[in-house]
2 protein chains.
Amino acid sequence: MDKDTREKLIEAATPLFAWKGFAGASIRELAKAADVNSALISYHFGGKEGLYAAVLHTHLTHLLSALEQVSRSTADPEERIRLFIKTVSDIHKEKPFLLRLLQGELINPSVYFEKVLVTSFKKLITFLPATVAEGKDLGKFAPDIHPLYASVALVSMVNFYFIIRPLAEQIFPQDLNRDEEYIKQVARIYLKGVKEE
Amino acid sequence: MDKDTREKLIEAATPLFAWKGFAGASIRELAKAADVNSALISYHFGGKEGLYAAVLHTHLTHLLSALEQVSRSTADPEERIRLFIKTVSDIHKEKPFLLRLLQGELINPSVYFEKVLVTSFKKLITFLPATVAEGKDLGKFAPDIHPLYASVALVSMVNFYFIIRPLAEQIFPQDLNRDEEYIKQVARIYLKGVKEE
DNA sequence: GTCTATATTGCGATAGAC
DNA sequence: GTCTATCGCAATATAGAC
């Protein structure tokens, strides 16, 4: 059974928007990549912006539902942090375009940024500082750990690696092919770094 | 004394390229922001791409010379890492557009990416894994620390914070105004995280 | 729902006067 | 070195046939 036009467009537009940004991808090449007439972008999505929003929405949904699962975990703080690290890195491996799309939004925020992105993350990311605070309360993490900043540090390690990998691969060609090893190092360094001794 | 046209264009183009990307900024708005005739972009830089390369070059130079200083430090591994953290965060505070420009290059690499960026970083960033390895040799860092991946983790924490700050500020409006505190947390977590116990 | 054809706008670049 | 005027082109969007 054939994919319908909407689906084909979203799928084909994803890598183009991810690699070239919103402004850099033209409706002509978007349509061509989807093997679809360019007029259909306006018909189905009301224009290029609508297609872009649909692409963003599709990919964001995956991330948000995964984060929601993590936030509902009842494991202890250390285990929940391990689960967070694993979940996020799995998402990036599975959907390598998501992070580039989000990056594009951070550089050049569209209306989607304020309307959807900020509110979505607001609801879901607060569990991370809460987890760190819980670790402190339980006496497992050191008292001088700042829940919010420590969370940002963790989010940084888990995400930035996937951002700079294309650059890193050119700088260290043979050495950086093991995502698993990086993830292990992150968990190792971070959990030891926040722990009460 | 007046700034000359080249200077005015580079200065005015920096935030525009940083916020809108190469494709998103038009030569008309670039010229207008610099209060200069748009034909002068072609005259002085050979076109929009030339201006973009000049902007990138100007900002990259600062970063590279700062990194070079760090790499020449003779302090012990822990101190050199502290110096690296401080240096990079100072650069981002001083030149808030640099990271956005580099981000744009990562998303949509121009010719500049391969020709200049990769080779520049190649020469300068190897001192970081070397520093971590030195810490291991001295018995100060734990043996299961992987110099390269541990370096990527550090680079991530130091840079990504400045990337997501616009988003984080909207999610946690009042809590994220102290860069110093974040930097302190990073040094605290990282150095404790890699240390031999 | 999909196509062709086209309207309209804005783009980057340059010729030529000063 | 800077200006005006404009060329040629590619952009998005849409009207109207099927």
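The basis for the numbers below is simple: all heavy atoms, side chains too, and nothing from hydrogens, waters or symmetry mates. Proteins get letters first, then strands, A, B, ... in listed order; numbering begins at 1 in each. Predicted, not measured: the structure shown is a model, and the values here were computed from it.
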message: I'd like to know if the side chain of E29(A) and the backbone of S26(A) have a donor-acceptor N/O pair within less than 3.5 Å.
response: yes
task: If the plane angle is over 60° it's perpendicular, under 30° parallel, otherwise tilted; pick one for Y52(B) and F17(B).
output: perpendicular
task: Fit a plane to each ring of Y149(B) and Y182(A), take the angle between them on a 0 to 90° scale, and name the class: parallel (under 30°), tilted (30 to 60°) or perpendicular (over 60°).
output: tilted
query: Would one find more than 12 heavy atoms of other residues, nucleotides or ligands at under 6.0 Å from atom CD of E196(B)?
result: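 Counting neighbours around CD of E196(B), more than 12 heavy atoms of other residues, nucleotides or ligands fall under 6.0 Å, so yes.
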Ion pair check, K184(B) and E180(B), cut-off under 4.0 Å: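 No salt bridge links K184(B) with E180(B).
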- request: State plainly whether the residues E11(B) and K8(B) are in salt-bridge range, i.e. N to O under 4.0 Å.
  value: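 Salt bridge flag = no for K8(B) with E11(B).
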message: Distance check needed: dG1(C) P versus F45(A) CZ, whole Å only.
response: 11 Å
query: For K32(B) and dG12(C), what is the distance between atoms NZ and P respectively, to the nearest whole Å?
result: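 The answer, rounded to whole Å, is 15 Å.
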- request: Take the C1' atoms of the five end pairs on each side of the helix from dG1(C)-dC18(D) to dC18(C)-dG1(D), derive the two axes, and give their angle rounded to 10 degrees.
  value: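 Answer for the end axes of this duplex: 0°.
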Enumerate, atom names and distances included, each donor-acceptor pair closer than 3.5 Å involving a side-chain atom of residues 137-145 of chain B, sequence neighbours excluded.
{"residue": "D144(B)", "atom": "OD1", "partner": "R188(A)", "partner atom": "NE", "Å": "3.2"}
{"residue": "D144(B)", "atom": "OD1", "partner": "R188(A)", "partner atom": "NH2", "Å": "2.9"}
{"residue": "D144(B)", "atom": "OD2", "partner": "R188(A)", "partner atom": "NE", "Å": "2.7"}

- prompt: Would you say T5(A) reaches dG1(C)'s phosphate, i.e. side-chain N/O to OP1/OP2 under 4.0 Å?
  reply: no
Tabulated below should be each protein N or O lying under 3.5 Å from an N or O of nucleotides 11-18 of chain D; please produce it.
{"residue": "dA11(D)", "atom": "OP2", "partner": "R28(A)", "partner atom": "NE", "Å": "3.2"}
{"residue": "dA11(D)", "atom": "N7", "partner": "R28(A)", "partner atom": "NH2", "Å": "2.3"}
{"residue": "dT12(D)", "atom": "OP1", "partner": "I27(A)", "partner atom": "N", "Å": "3.1"}
{"residue": "dT12(D)", "atom": "OP1", "partner": "K48(A)", "partner atom": "NZ", "Å": "3.0"}
{"residue": "dT12(D)", "atom": "OP2", "partner": "I27(A)", "partner atom": "N", "Å": "2.9"}
{"residue": "dA13(D)", "atom": "OP2", "partner": "K48(A)", "partner atom": "N", "Å": "3.0"}

task: Any chance you could lay out the side chain to side chain donor-acceptor pair (under 3.5 Å) test for Y43(A) and N37(A), step after step, and finish with the verdict?
output: CA-CA 10 Å; Y43(A) 178 78; N37(A) 191 288; over 6 Å; no
